[in-house]
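Chain letters run A, B, ... following the sequence lines, proteins first and then strands; every chain starts at 1.
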There are 2 protein chains.
Amino acid sequence: MPTIRDVAQHAGVAPSTVSYVFNGSRPISEETRRRVQEAVDALGYHPRASARTLRSSRTHVIALALPRPAGRRNAVDGPFAIAVSDAAVRLGYDLLLTTSQDKAEGLRRVALSGLADAAVLMAVDMEDARIDVVRELAFPAALIGRPADEDALPWTDLDWEEAAALAVRELAAAGHREMVYLAPTEEEVAGRRSYALRGIAGAARGARGTGATVTVAHAVDDPAEVARRLRGLLVERADGGARERPTALIVQHPSAHHHILTSMTDAGLRTPEDLTVVVIGAVPGDLSGRRLPRVELPVETLAGEVTRLAVTAATALRENTAGDAEAGPRLLADTVGHLLIAPALLPGDTPLTAPRA
Amino acid sequence: MPTIRDVAQHAGVAPSTVSYVFNGSRPISEETRRRVQEAVDALGYHPRASARTLRSSRTHVIALALPRPAGRRNAVDGPFAIAVSDAAVRLGYDLLLTTSQDKAEGLRRVALSGLADAAVLMAVDMEDARIDVVRELAFPAALIGRPADEDALPWTDLDWEEAAALAVRELAAAGHREMVYLAPTEEEVAGRRSYALRGIAGAARGARGTGATVTVAHAVDDPAEVARRLRGLLVERADGGARERPTALIVQHPSAHHHILTSMTDAGLRTPEDLTVVVIGAVPGDLSGRRLPRVELPVETLAGEVTRLAVTAATALRENTAGDAEAGPRLLADTVGHLLIAPALLPGDTPLTAPRA
DNA sequence: AGGGGGCATCGAATCGATTCGACGAACCGA
DNA sequence: TCGGTTCGTCGAATCGATTCGATGCCCCCT
């Protein structure tokens with residue numbers, strides 16, 4: 001494998017000159033540039049990433065920290081990982097995928113061994129151990145998901161609260177009085193997953209002042225069990241009919257999106273005849289069955305923005321901490337900012353209007 | 001950030017001694033080992049990956065080459081990527097995710113710049129440009145998917161042909177005479193995707209000698225269109241009833257798995273009353289609706305094996321080419337071997353037996 | 001004619017680990 | 001007591017780039 005010395009020799013210049021040709025940090029004459037380029041082509045030269053990194057302490061790699069709570073499979077992790085990778089490539093970075101059972105361990109190792117310039121943190125909890133890790137190490141990072149402490153690090157997220165509120169408001173405006181909010185699983189709520197708590201809060205907020213009532217139920221991964229819960233809420237009516245029968249269902253759990261129609265069929269319910277169904281957080285292009293009204297999760301947008309935020313943080317840290325050891329943590333704290341994506345309620349094949357009175 | 005020199009100084013030994021403590025390549029006294037360990041803990045030392053790599057030319061990174069044909073979203077890519085990452089971590093490697101529109105470009109860059117020790121290639125076509133790239137560069141690689149040239153590189157795959165044949169045979173044995181094989185999309189067949197071609201071939205093979213007839217139809221991503229095709233094949237009967245009505249449906253397209261039940265509902269078909277449905281290549285735990293009889297795609301197994309193959313190839317190449325420049329390509333050609341996973345037909349909630357005569 | 005200032009390039013130091021040859025000490029057998 | 005091992009450690013070279021100070025050259029202005 002040829003090195004920069006070989007190229008220099010072949011072109012009749014010094015190695016440093018070849019380096020300048022590559023990264024343009026000093027002026028180079030057109031003639032020299034051409035000769036170097038010829039040598040590069042002739043020898044098939046490609047710079048060794050490790051040498052480059054060792055000297056310049058830049059890796060051109062972004063780490064994606066993907067926590068993997070044992071056994072759980074998440075429908076959105078994969079698309080997100082791929083979208084972040086695409087975004088990174090567009091910005092001239094490669095992506096290192098860090099999955100570890102222990103949420104913080106892999107991330108700490110990657111940061112300490114200098115494998116990446118910045119990190120993107122997925123599936124953020126309200127209080128997330130990884131946030132403490134990157135702050136302690138003064139490692140540039142950006143989050144997909146809105147943490148409780150909004151000023152700790154740059155982040156971007158869909159405005160889940162407004163998404164849920166929007167769905168409730170629109171359904172109320174269309175005449176629904178009783179709705180069911182099928183929220184993420186109880187485990188996710190107990191784990192203080194940001195999007196789960198905010199979605200539920202938004203549903204309550206959206207109902208306020210409309211006169212509509214929203215009952216929160218929790219999803220499970222098993223379609224049959226979802227069907228059973230739906231039946232309990234919508235058909236058998238535990239309260240014996242003291243309240244009106246719900247006419248709208250809002251589904252936030254990603255794994256339930258896939259099979260909600262099947263679960264409804266199992267429960268003996270049809271849409272839109274018996275129930276208007278709105279999906280929140282649908283992965284674009286991933287909707288099973290008929291196109292339901294929905295708020296999509298803007299995967300590409302979020303991935304693009306979070307990657308940009310991470311790169312910006314890395315750049316800011318590199319440029320502003322030269323010679324100032326204290327600047328790092330301070331900088332990460334108030335750098336770069338946040339981006340909350342406003343939800344849009346997309347129409348489906350079925351209307352929002354309430355089923356017959 | 002402390003370096004190996006700082007640790008050496010703190011422990012009162014030479015840097016080389018610290019290195020030996022870390023990677024155990026020479027005997028170290030218990031006393032020295034303890035002192036070094038203390039210094040490491042006291043200073044919070046962690047070796048810099050780039051320096052390590054530069055000197056030893058080992059990265060402890062595996063690249064995952066994930067081709068992204070523009071616009072197509074694949075339900076299995078994400079789970080595979082995550083599973084390969086898990087497997088890599090278990091073997092002491094990190095995973096670099098390489099997605100590029102142009103299938104070979106990212107891979108070539110990663111190999112040439114020495115970012116990884118080996119590559120795992122996903123979504124392999126029968127003839128795949130990336131195979132030529134890694135062979136040309138003598139870069140250790142293993143494939144998920146069975147290429148036409150089986151001896152070019154190590155690979156592992158589900159035996160799709162046998163999976164389809166198995167499903168057909170079992171259905172025939174249960175009394176079905178006419179079946180529909182809902183295969184991957186026409187684009188995938190035209191692109192010579194390995195699993196698509198082999199599945200279709202297997203369906204034909206499985207029918208041989210059983211007296212059963214298998215009609216191949218192609219899936220599409222749009223559930224409504226799938227419903228229309230099912231109706232054409234199973235209800236409206238283009239041939240005007242010259243043949244018996246199909247009683248079994250085998251679904252191989254991963255995106256159709258999600259919504260096959262909804263599509264059937266739309267087509268006015270029920271299972272098992274009207275039609276026995278078998279799914280091939282289901283992602284474990286991802287089945288929507290009732291648990292249909294199925295051959296699962298052993299994602300964890302395949303990911304684990306392909307990672308092992310890639311690491312083995314890297315090790316073999318490193319150990320056997322010392323001083324022998326010609327050995328590389330030759331070694332990759334006949335090293336390590338293949339692993340074809342035998343399919344298992346898992347029972348669902350519904351039996352395989354034919355609907356009423 | 002002489003001095004000042006850019007421009008283009010060179011040479012050498014440097015990043016932080018690994019690895020190999022050498023060397024002192026301890027131990028063994030003859 | 002002496003030569004030969006073995007064990008544990010050291011020192012120095014090395015991997016392949018980047019980066020900075022120095023330098024030569026040409027041009028322009030006074």
Side-chain angles (χ1 to χ4, degrees), chain A residues 1-37 39-40 43-61 109 111-117 318-319 322-323, chain B residues 1-37 39-40 43-61 109 111-117 318-319 322-323:
Chain A
M1 281 257 151
T3 74
I4 202 172
R5 305 182 72 97
D6 300 324
V7 175
Q9 206 156 27
H10 192 279
V13 299
S16 48
T17 303
V18 177
S19 178
Y20 295 136
V21 169
F22 259 76
N23 51 46
S25 47
R26 284 204 185 173
I28 290 289
S29 73
E30 200 44 54
E31 160 68 9
T32 303
R33 185 183 308 278
R34 193 185 49 72
R35 291 237 307 288
V36 168
Q37 190 56 54
V40 166
L43 301 176
Y45 168 75
H46 201 100
R48 220 75 86 253
S50 55
R52 202 193 266 264
T53 296
L54 174 59
R55 183 60 234 248
S56 65
S57 58
R58 297 200 51 190
T59 63
H60 294 276
V61 168
R109 196 174 44 75
L112 285 174
S113 61
L115 276 167
D117 291 335
R318 181 155 22 86
E319 289 179 354
Chain B
M1 280 257 150
T3 72
I4 201 171
R5 305 182 72 97
D6 300 323
V7 175
Q9 206 155 26
H10 192 280
V13 299
S16 48
T17 304
V18 178
S19 177
Y20 295 137
V21 169
F22 259 76
N23 51 46
S25 47
R26 282 202 186 175
I28 290 288
S29 74
E30 199 45 55
E31 159 69 7
T32 303
R33 184 184 307 279
R34 193 184 49 70
R35 291 236 309 287
V36 168
Q37 189 56 54
V40 165
L43 301 176
Y45 168 75
H46 200 101
R48 220 74 86 254
S50 57
R52 203 192 265 264
T53 297
L54 175 60
R55 184 59 235 247
S56 65
S57 57
R58 297 199 51 191
T59 62
H60 295 276
V61 168
R109 196 174 44 75
L112 284 174
S113 61
L115 277 167
D117 291 335
R318 183 157 19 87
E319 289 178 354

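Relative to the side chain of P47(B), the nucleotides dA17(C), dG8(D), dA13(C) differ in distance, and dA17(C) lies closest. Counting only heavy atoms from C-beta on, T3(A) has its side chain closest to dG16(D) among dG8(D), dG16(D), dA17(C). Here the nucleotide nearest the side chain of I28(B), chosen from dT9(D), dT18(C), dA17(D), is dT9(D). When distances are taken from the side chain of R55(A) to each of dG11(C), dT18(C), dA17(D), the shortest belongs to dA17(D).
Distance, R33(B) CZ to dC7(D) P: 14 Å, rounded to whole Å. Here the C1' atom of nucleotide dT18(C) and the CZ atom of R318(B) are 14 Å apart, to the nearest Å. When the C1' atom of dG11(D) is taken as reference, atom CD of Q9(B) falls 15 Å away, rounded to whole Å. Atom-to-atom, CZ of R5(A) to P of dA13(C) comes out at 13 Å; the value is rounded to the nearest Å. Between the CZ atom of R58(A) and the C1' atom of dG16(D) there is a distance of 18 Å, rounded to whole Å. One interatomic measurement links the two molecules: CZ of F22(B) to P of dG16(C), which rounds to 15 Å at whole-angstrom precision. Taking atom CG of D6(B) as the reference point, atom C1' of dC15(C) lies 13 Å away to the nearest angstrom. One interatomic measurement links the two molecules: CE of M1(A) to P of dG16(D), which rounds to 11 Å at whole-angstrom precision.
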Next on the checklist: Using a 4.0 Å heavy-atom cut-off to protein, can you give one letter per nucleotide of nucleotides 21-26 of chain D, 5' to 3': B if the base is in contact, S if only the sugar-phosphate is, - if neither?
Outcome noted: BB----
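Within the 3.5 Å criterion, the main-chain N or O of R48(A) finds no donor-acceptor partner in the side chain of S113(B).
Phosphate proximity of dC10(D) to T17(B): present, with a side-chain N or O under 4.0 Å from OP1 or OP2. For dG16(D), the OP1/OP2 oxygens have a side-chain nitrogen or oxygen of R48(A) closer than 4.0 Å. When the side-chain nitrogen and oxygen atoms of S19(A) are compared with OP1 and OP2 of dT18(D), one or more of them lie within a distance under 4.0 Å. Between R52(A) and the phosphate of dT18(D), there is a side-chain N or O to OP1/OP2 separation shorter than 4.0 Å. Dashed line: the shortest gap from a side-chain N or O of S56(B) to OP1 or OP2 of dT19(C) is not under 4.0 Å.
Across all strands, V18(B) comes closer than 4.0 Å to no nucleic acid atom at all (heavy-atom distances). Note on G12(B): only backbone sugar-phosphate atoms sit closer than 4.0 angstrom, heavy atoms only; bases stay farther off. Here L54(A) lies in heavy-atom contact (under 4.0 Å) with a base.
Each of P27(A) and S16(A) was matched to the nucleotide of DNA chain C holding its nearest heavy atom; the match closer to the 5' end belongs to P27(A).
Between R34(A) and E30(A), none of the side-chain N atoms (NZ, or NE/NH1/NH2) sits under 4.0 Å from a carboxylate O, so this pair counts as no salt bridge.
Side-chain contact between L112(B) and M1(A) is present, with heavy atoms from C-beta onward closer than 4.5 Å.
Separation of atoms OG (S19(A)) and CZ (R26(A)) is listed at 10.0 Å; rounding is to 0.5 Å.
The nearest pair of heavy atoms linking L54(A) to S50(B) is CA-OG, 3.6 Å. Closest approach of S57(B) and D117(B) over heavy atoms only: O-OD1, 4.3 Å.
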Could you give the side-chain donor-acceptor pairs of residues 3-18 of chain A under 3.5 Å, partners two or more places apart or in another chain?
from  : atom 1 : to    : atom 2 : distance (Å)
T3(A) : OG1    : R5(A) : N      : 3.2
D6(A) : OD2    : T3(A) : N      : 2.8

Next on the checklist: side chain to side chain contact (heavy atoms under 4.5 Å, CB included) for R109(A) and H46(B)? Distances and angles first, verdict last.
Outcome noted: CA-CA 8 Å; R109(A) 196 174 44 75; H46(B) 200 101; 3.9 Å; yes
